[in-house]
Q: 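Pasting in a structure now, in C-alpha cells, and then I'll have a few things to ask.
Not measured: the values here are computed from a predicted model.
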Amino acid sequence: MGNTATPKKKKVGKVLLMILLVIAVLIGALAGFIAYNASENMKVMNRTLDYGMHTLNNAANVNELDAGEYSEIKMYGVMKFDVRQYEVEELGNLSVMKVNMGFMQMVSYIITPYEKDMPMLSMDFMYILGNRKAYAEFYDLTADKDAPEYAAVMDSIREFESRYSDLEDIATEPAWYDDLLTVVLHKAGKKQDDDKIREMFADAIRTYMEEASGLELLDDEAAAEKLDITQEYCDDLVEKGGVSTDVFKKQLGEEKTKDFFNKVLFGTELYK
C-alpha cells in the first residue's frame with residue numbers, strides 16, 4: 001500500500017504544480033496587459049492635455065505657480081497624484097491633476113474664474129483600459145446667472161455641448177451641487193473616440209476662453225462677491241462631499257483637504 005500511495009502523491013503534486021504555473025502565467029499576462037494599456041493610455045492622455053494647454057496658451061498668458069507640498073499627493077501607497085497650478089491672467093486659477101492607477105488613468109482640469117463673471121469649468125477624462133469617460137461641467141458660481149452678459153456666455157457654451165451629442169451619455173447619481181450646474185457633458189467612448197474626446201477637451205477650453213475675452217474685468221466689489229460665492233462652494237464641497245472629495249477626505253483628513261482645495265485646486269487663497 002505504501003508503494004501505491006507514493007505515485008498518487010507525486011501525480012497530485014505535478015497537477016497542483018501545473019495549475020499554479022497556469023495561474024502564474026495568467027496573472028503575468030493580465031499584469032502585462034494592464035501595464036501595456038496603462039502606457040498607451042498615458043500617451044493618449046498626455047497628448048490630450050498638451051493639446052488643451054496649447055489651446056489655452058494661445059488664448060491667454062498662463063503662468064505656472066508652485067503648488068508646494070501638494071505638487072505630489074500619495075494615497076493608499078500606490079496612487080500618486082501629479083498636481084500643477086497656474087494663474088490664467090485676467091481670469092483666475094487653473095489646476096491640473098494627473099494620476100496613473102494601472103487599470104485607470106485620469107486627468108482633472110479645473111478653471112476657477114475670479115476676475116471675470118464666467119462659470120467654473122471642471123473637466124475629468126478617464127482612460128479605463130479600452131474605455132473612456134469624459135466629463136465637462138460648468139458651475140454657476142455667479143451672483144446673477146440671469147444677467148444678460150452671463151446668459152450670452154452660457155448660450156455659447158450650450159452650442160459647444162450640442163457638438164458632442166453623438167458621444168454616448170453617461171447617467172450619474174444626483175448630487176447636492178446639481179442646482180449649480182447649467183451645462184453638463186458626461187460622455188463615454190472607446191479608443192476609436194480618442195480624437196473626438198481630445199477635440200472636446202480643447203473645444204471646451206477654446207469656447208470658454210473666447211467668451212471670457214469678450215467680458216470686462218470685475219470691479220473690486222463684484223470680484224469680492226464672486227470670491228465669496230466660490231469660497232462657499234469650496235467649503236460646502238468639503239463638508240457635504242463628492243465622489244473625488246470623499247477620497248481626499250479619507251486619506252488627507254478634512255482640514256488638509258480644505259487647505260489643498262483653497263490653496264491649489266480652486267485657488268481661493270490667491271485672490272483674497
Q: Where do Met45 and Phe125 land on the side-chain contact (heavy atoms from CB on, under 4.5 Å) test, with the steps shown first?
A: CA-CA 8 Å; Met45 184 177 75; Phe125 292 82; 5.9 Å; no
Q: What distance do Glu115 atom CD and Leu217 atom CG have between them, rounded to the nearest 0.5 Å?
A: 6.0 Å
Q: Drop me the distance from Ile197's CD1 to Met126's CE, to the nearest 0.5 angstrom.
A: 10.0 Å
Q: Can you list the steps and then say if Lys133 with Met104 is a side-chain contact (heavy atoms from CB on, under 4.5 Å)?
A: CA-CA 11 Å; Lys133 292 183 179 181; Met104 183 180 82; over 6 Å; no
Q: Is Phe260 close to Ile73 at the side-chain level, that is, under 4.5 Å between some pair of heavy atoms?
A: yes
Q: Could you tell me whether a side-chain N or O of Asp146 sits under 3.5 Å from a main-chain N or O of Ala151, the two making a donor and an acceptor?
A: no
Q: Using a 4.5 Å cut-off on heavy atoms from C-beta on, say whether the side chain of Val107 contacts that of Thr48.
A: no
Q: For the pair Met120 and Phe266, evaluate side-chain contact (heavy atoms from CB on, under 4.5 Å) and give the outcome as yes or no after the intermediate values.
A: CA-CA 9 Å; Met120 184 181 76; Phe266 301 105; 3.7 Å; yes
Q: Checking Lys226 side chain against Leu141 main chain: does a donor-acceptor pair fall under 3.5 Å?
A: yes
Q: Between the main-chain N or O of Pro119 and the side-chain N or O of Tyr208, is there a donor-acceptor pair closer than 3.5 Å?
A: yes
Q: Once salt bridge (Lys or Arg N to Asp or Glu O under 4.0 Å) is applied, what residue pairs with a partner in residues 171-183 remain, sequence neighbours excluded?
A: none
Q: List the residues meeting salt bridge (Lys or Arg N to Asp or Glu O under 4.0 Å) with Asp166, not counting sequence neighbours, and say none if there are none.
A: Lys196
Q: How far does CE of Met209 sit from CG of Leu121, to the nearest 0.5 angstrom?
A: 10.5 Å
Q: Applying salt bridge (Lys or Arg N to Asp or Glu O under 4.0 Å) as the test, list every pair that has at least one member in residues 93-108; sequence neighbours left out.
A: none
Q: Going through the distances and angles, do Tyr139 and Leu181 end up as a side-chain contact (heavy atoms from CB on, under 4.5 Å)?
A: CA-CA 5 Å; Tyr139 289 77; Leu181 291 167; 3.5 Å; yes
Q: Students often mix this up, so state it plainly: with edges at 30° and 60°, are the rings of Trp176 and Tyr233 parallel, tilted or perpendicular?
A: tilted
Q: Can you find a heavy atom in the side chain of Leu65 that is under 4.5 Å from one in the side chain of Leu270?
A: yes
Q: Answer whether the closest heavy-atom distance between the side chains of Asp236 and Tyr177 falls below 4.5 Å.
A: no
Q: Do the charged groups of Asp82 and Arg84 touch, with an N to O distance under 4.0 Å?
A: yes
Q: Going by the rule salt bridge (Lys or Arg N to Asp or Glu O under 4.0 Å), which residues pair with Asp228 if we only count those two or more places apart in sequence or in a different chain?
A: none
Q: Restricting to pairs with a member in residues 202-221, which pass salt bridge (Lys or Arg N to Asp or Glu O under 4.0 Å), not counting sequence neighbours?
A: Arg163-Asp203, Glu199-Arg206, Asp203-Arg206
Q: What pair of heavy atoms forms the shortest contact from Val153 to Leu215, and how long is it?
A: CG2-CD1, 4.1 Å
Q: Can you pull the side chain to side chain donor-acceptor pair (under 3.5 Å) pairs that have at least one residue in residues 54-66, sequence neighbours excluded?
A: His54-Asn58, Asn61-Glu89, Asn63-Glu89
Q: Do Val264 and Val99 belong to the same hydrophobic cluster, where Ile, Leu, Val, Met, Phe, Trp and Tyr are linked whenever their side-chain heavy atoms lie under 4.5 Å apart, directly or via other members?
A: yes
Q: Identify, with sequence neighbours excluded, every residue that meets ring-ring contact (aromatic ring centres under 6.0 Å, His included) alongside Tyr150.
A: none
Q: Any side-chain to backbone donor/acceptor pair from Lys145 onto Asp140? Under 3.5 Å, distance only.
A: no
Q: Would you give the length of the straight line joining atom CZ of Phe201 to atom CE of Met123, rounded to the nearest 0.5 angstrom?
A: 4.5 Å
Q: If I compare all heavy atoms of Leu167 with all of Lys187, which pair ends up nearest, and what's the gap?
A: O-NZ, 3.3 Å
Q: Just by distance, with hydrogens left out, do Thr112 and Asn93 show a side-chain donor and acceptor under 3.5 Å apart?
A: no
Q: Identify the heavy atoms of Thr268 and Cys234 that sit nearest to each other, and give their distance.
A: CG2-SG, 3.9 Å
Q: Using side chain to side chain contact (heavy atoms under 4.5 Å, CB included) as the criterion, list what pairs up with Glu168, not counting sequence neighbours.
A: Ala188
Q: Can you tell me how far the CE atom of Met200 sits from the CD1 atom of Ile205, to the nearest 0.5 Å?
A: 11.0 Å
Q: Asp246: which residues meet the salt bridge (Lys or Arg N to Asp or Glu O under 4.0 Å) condition with it, sequence neighbours left out?
A: none
Q: Which pairs with one or both residues in residues 119-132 pass salt bridge (Lys or Arg N to Asp or Glu O under 4.0 Å), sequence neighbours excluded?
A: Arg132-Asp194
Q: Has Asn41 got a side-chain atom pairing as donor or acceptor with Leu129's backbone, closer than 3.5 angstrom?
A: yes
Q: Find out whether Lys43 and Tyr127 are in side-chain contact, i.e. whether some heavy atom of one side chain is under 4.5 Å from a heavy atom of the other.
A: no
Q: Has Asn46 got a side-chain atom pairing as donor or acceptor with Met42's backbone, closer than 3.5 angstrom?
A: yes
Q: What heavy-atom pair brings Ser122 and Ile110 nearest, and what distance separates the two atoms?
A: OG-CG1, 3.9 Å
Q: May I ask you to decide if the ring planes of Tyr135 and His186 are parallel, tilted or perpendicular, using 30° and 60° as cut-offs?
A: tilted
Q: Throw together a table of side-chain donor-acceptor distances under 3.5 angstrom for residues 247-254, partners on residues two or more places apart or in other chains.
A:
{"unit_1": "Lys249", "atom_1": "NZ", "unit_2": "Val238", "atom_2": "O", "d": "2.7"}
{"unit_1": "Gln251", "atom_1": "OE1", "unit_2": "Tyr76", "atom_2": "N", "d": "3.3"}

Q: Could you tell me whether a side-chain N or O of Ser71 sits under 3.5 Å from a main-chain N or O of Gly68, the two making a donor and an acceptor?
A: yes
Q: Please identify each residue that fulfils salt bridge (Lys or Arg N to Asp or Glu O under 4.0 Å) with Asp50, with sequence neighbours left out.
A: none
Q: How about Lys74: does its NZ atom have over 12 heavy atoms from other parts shown lying under 6.0 Å from it?
A: no
Q: Name the orientation class of the two ring planes belonging to Tyr271 and Tyr114 (parallel below 30°, tilted from 30 to 60°, perpendicular beyond 60°).
A: parallel
Q: Could you measure the distance from the CD atom of Glu161 to the OG1 atom of Thr207? Nearest 0.5 Å is fine.
A: 11.5 Å
Q: Taking only Lys NZ, Arg NE, NH1 and NH2, and the carboxylate oxygens of Asp or Glu, determine whether Lys190 and Asp193 approach each other closer than 4.0 Å.
A: no
